[in-house]
Number of protein chains: 2
Amino acid sequence: MKRRTTSSKTEILEVLKSSGNAMSHEMIQTELHRKVDRATIYRVLNQFCEDGKVHKIVGDDGKQYFAFCMNCGEKKHVHSHKHLHFRCLECGKVECLESELSLPLPSGYIGKVHNLLVSGYCRECGSEEGNNFS
Amino acid sequence: MKRRTTSSKTEILEVLKSSGNAMSHEMIQTELHRKVDRATIYRVLNQFCEDGKVHKIVGDDGKQYFAFCMNCGEKKHVHSHKHLHFRCLECGKVECLESELSLPLPSGYIGKVHNLLVSGYCRECGSEEGNNFS
DNA sequence: GTTTATGCAAATTCTTTGCAATACT
DNA sequence: AGTATTGCAAAGAATTTGCATAAAC
């Protein structure tokens, strides 16, 4: 199944690139100039993930976020990356953090690490109070 | 709203305790002797989370898993814990790992860490091949 | 012209909620 | 008795799928 270039694909990728953060399908939709159907957005995003252009993060809210990771750059996406995603509990923003992570897995566990999500408050929202993590 | 003791609650907690792993509502349901309604299971589990008896983990499949964490023990649940959850991509099992994690957050980020999920292959399923992380 | 991509609507899956009946204390 | 809990059904929310039409190559 050979991929075809379409304006939907181009624009969605552009939105992700210029945002630099992980976005839900809804956030992407509102950033697009033309109206693109939800189903199409999902299909395009999943293609991007298959192709390694974008990666998918499941937030602690159970929703899918998609990111063109600045750290991974343009190069083929390494699926088993070792960096963190940070989701702000205040503004909901999901970012890719550069921090390298050394992960202490018990022996016997094969596990390249992925989809590592940390929640808290980002630089902008950072308020000490109300740290009601669930 | 004062909590009441019921057999549903007792049995659900018992199932979680004896399993030692994080379970979905469905896994719990099949382990119960009596039939308990989905809605009830969810309500009970969410109560447990509020009370800090159990914690909720959102898997990379977007589903909720609930665990009576052996590491946290009987004591009041510390919401911002620092240990990992490991989900096996083969058998789907979710475990709490003891590993202490030192997390490199950029300065300016307030973030106690929680819901840290790592995916891979557990000791039992551990097969090198087919590491198709998405 | 053939095959992929899109939009629309409908189906799925997971989770939550309203409400009347039931069970705790 | 009074209030929390349960079951059932229905509602919600996020994501996927079927199918006919439109667009790429």
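Residue numbering restarts at 1 for every chain, and letters A, B, ... go by the order of the sequence lines. All heavy atoms count here, side chains included; hydrogens, waters and symmetry mates do not.
When DNA chain D is scanned in the 5' to 3' direction for atoms under 4.0 Å from non-hydrogen atoms of chain A, the outermost contacting nucleotides are D/dA14 to D/dC25.
Donor-acceptor pairing under 3.5 Å, judged by distance alone, is present between the side chain of A/Arg4 and the base of C/dT3.
Contacts of B/Ser8 with the nucleic acid, taken as non-hydrogen atoms under 4.0 Å apart, involve only primed sugar atoms and P, OP1 or OP2. Counting any heavy atom pair closer than 4.0 Å across all strands shown, B/Glu26 reaches no nucleic acid atom.
Separating the NZ atom of A/Lys35 from the P atom of C/dT6 is a distance of 13 Å, rounded to the nearest angstrom. Protein atom CD of B/Gln29 is 13 Å distant from nucleotide atom C1' of C/dC14, rounded to whole Å. We find that OH of B/Tyr65 is positioned 11 Å from C1' of C/dC14, with the value rounded to whole Å. When the P atom of C/dA23 is taken as reference, atom NZ of B/Lys9 falls 15 Å away, rounded to whole Å.
Rounded to the nearest 0.5 Å, atoms CG (B/Leu16) and CE (B/Met23) are 6.5 Å apart. Rounding to the nearest 0.5 angstrom, the gap separating the CD1 atom in B/Ile12 from the CD atom in B/Gln47 is 10.0 Å. To the nearest 0.5 Å, atoms CG (B/Leu45) and OG1 (B/Thr40) are separated by 10.5 Å. Taking OG of A/Ser7 as the start and CG of A/Leu32 as the end, the distance is 9.5 Å to the nearest 0.5 Å.
For B/Lys2 and B/Arg34, each mapped to the nucleotide of DNA chain D holding its nearest heavy atom, the one lying further toward the 5' end belongs to B/Lys2. Both B/Arg3 and B/Gln64 lie near DNA chain C, and the one whose nearest nucleotide falls closer to the 5' end is B/Gln64. Nearest-nucleotide positions on DNA chain C place B/Lys63 closer to the 5' end than the other of B/Lys63 and B/Thr5.
Side-chain atoms of A/Asp51 never come within 3.5 Å of backbone atoms of A/Lys53 as a donor-acceptor pair (strictly under, hydrogens ignored). The main-chain N or O of B/Val36 is found under 3.5 Å from a side-chain atom of B/Gln29 such that the two form a donor-acceptor pair. A donor-acceptor pair under 3.5 Å links the side-chain atoms of B/Lys9 to the main chain of B/Arg4, judged by distance alone. A distance-only check finds a donor-acceptor pair linking the side chain of A/Asp37 to the backbone of A/Ala39 [under 3.5 Å].
Under the 4.0 Å criterion applied to side-chain N and carboxylate O atoms, A/Arg3 and A/Glu50 are assigned as salt-bridge partners.
Remark: B/Arg38, B/Ala39, B/Tyr42, B/Arg43 in residues 37-45 of chain B come within less than 4.0 Å of DNA chain C through at least one heavy atom.
Taking 4.0 angstrom as the limit, A/Gln47 places a side-chain polar atom (N or O) nearer than this to OP1 or OP2 of C/dA5.
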